[in-house]
Amino acid sequence: MIPIAGREGFAIQSRDGGFSFKPYMMVQTTANFNWYDDEGLDKAYNQDNVANSGFAVPYAIIGFTGKAFNRLSFNVSMNAAASGGGILQQGWIDARVCKGLQIRTGKFKTPFTHAYLTMLGGTLMPNLPSSLTTSTIMPYTLNAVTPTIGTGFDLGVELHGLLAQQKVGYELGLWNGTGSSVNGATKTFSDDWHIPSLLYAGRLSFMPKGVMPSTQGDPDHLDENKMLFALSGGINVE
């Protein structure tokens, strides 16, 4: 992570802390080398054992985050390394209704994605294994739809909050289920279940040492000692 200014970054905020606005920038570069076994390669076509290698910039993110009125928080980030709808990585607003209940709407992490995009003091921004990102061929179906396990960032709305002295967290909501590359409303009704063809997902977490930060761009979290256990699940209705 690269703060805009200084270790703490640059931020504008009111004296009482009720309003804050903080820009941030994060860049990830990688060097990749992939060697493939001879099995499945046809030497007659001069196929190489080395492929998909070299340098890459998976993430080049610039955005801003903040809060207002002690009830609203927001975050918008663009990934310049992505294309199409994926350029808008996040764009959401969160409203606190009461203690233990908040409503978030926009484009944000789905419950399954939440865990591997959370890190103290920055963001993990990992290169995910293909088992999470590759389309899956489902048995006993016509495979008109080939879903992926990792649901990523998506458009939706969720209820979430912290309970039991902020040691237990919950998330429950609806998303389009189309992933981060689609920013439009494209879903229909399920022919089989007769409900909206959306992603229905939730997450229950336990944080014995207090709230685990779930936003990127704050170096102040680097020295904190946190622990989180969570169970996530969902069903993407087609």
Side-chain angles (χ1 to χ4, degrees), residues 1-13 19-34 51-68 72-94 104-135 147-158 173 175-187 199 212-222:
M1 189 200 69
I2 304 174
I4 298 295
R7 184 180 183 276
E8 294 78 18
F10 171 79
I12 301 172
Q13 62 182 17
F19 170 84
S20 67
F21 180 88
K22 181 177 182 177
Y24 60 90
M25 180 175 68
M26 294 173 281
V27 178
Q28 181 190 30
T29 59
T30 64
N32 305 296
F33 180 82
N34 292 288
N52 302 321
S53 299
F55 299 96
V57 180
Y59 295 91
I61 296 173
I62 185 168
F64 59 85
T65 186
K67 61 181 180 179
L72 298 177
S73 58
F74 53 88
N75 188 18
V76 176
S77 63
M78 305 288 181
N79 182 9
S83 60
I87 293 177
L88 176 62
Q89 187 198 47
Q90 295 188 70
W92 52 261
I93 187 167
D94 196 303
R104 179 171 295 185
T105 183
K107 188 176 187 179
F108 53 96
K109 303 171 188 175
T110 56
F112 186 88
T113 312
H114 197 123
Y116 63 72
L117 287 178
T118 297
M119 177 181 171
L120 295 176
T123 183
L124 201 58
M125 294 195 299
N127 288 321
L128 300 177
S130 59
S131 59
L132 289 179
T133 59
T134 302
S135 296
T148 57
I149 295 177
T151 47
F153 294 91
D154 209 341
L155 293 164
V157 60
E158 78 168 10
W175 290 263
N176 280 343
T178 50
S180 61
S181 61
V182 179
N183 292 326
T186 62
K187 303 312 290 282
L199 169 64
M212 172 71 80
S214 59
T215 57
Q216 296 82 36
D218 192 348
D220 290 339
H221 293 314
L222 285 171

Please report the interatomic distance [atom1]([X]) to [atom2]([Y]), rounded to the nearest 0.5 Å.
X      : Y      : atom1 : atom2 : result
Leu199 : Lys187 : CG    : NZ    : 8.0 Å
Gln89  : Tyr59  : CD    : OH    : 7.0 Å
Leu155 : Asn183 : CG    : CG    : 5.5 Å
Lys22  : Thr65  : NZ    : OG1   : 8.5 Å
Trp92  : Ser77  : CH2   : OG    : 10.0 Å
Asp94  : Thr105 : CG    : OG1   : 10.0 Å

Considering all heavy atoms of both residues, which atom of [X] and which atom of [Y] are nearest to each other, and what is their separation?
X     : Y      : answer
Gly85 : Lys107 : O-NZ, 3.1 Å
Ala81 : Ala60  : CB-N, 3.9 Å
Asn52 : Asn32  : O-CB, 4.1 Å

Taking the side chain from [X] and the backbone from [Y], do they hold a donor-acceptor pair closer than 3.5 Å?
X      : Y      : result
Asp154 : Gly177 : yes
Thr151 : Gly179 : no
Ser53  : Asn34  : yes
Thr110 : Gly152 : yes

Between [Y] and [X], is there a side-chain heavy-atom distance shorter than 4.5 Å?
X      : Y      : result
Phe153 : Trp175 : no
Met78  : Leu88  : yes
Val182 : Asn176 : no

*Show your reasoning for whether side chain to side chain contact (heavy atoms under 4.5 Å, CB included) applies to Tyr24 and Asn75.*
CA-CA 11 Å; Tyr24 60 90; Asn75 188 18; 2.9 Å; yes
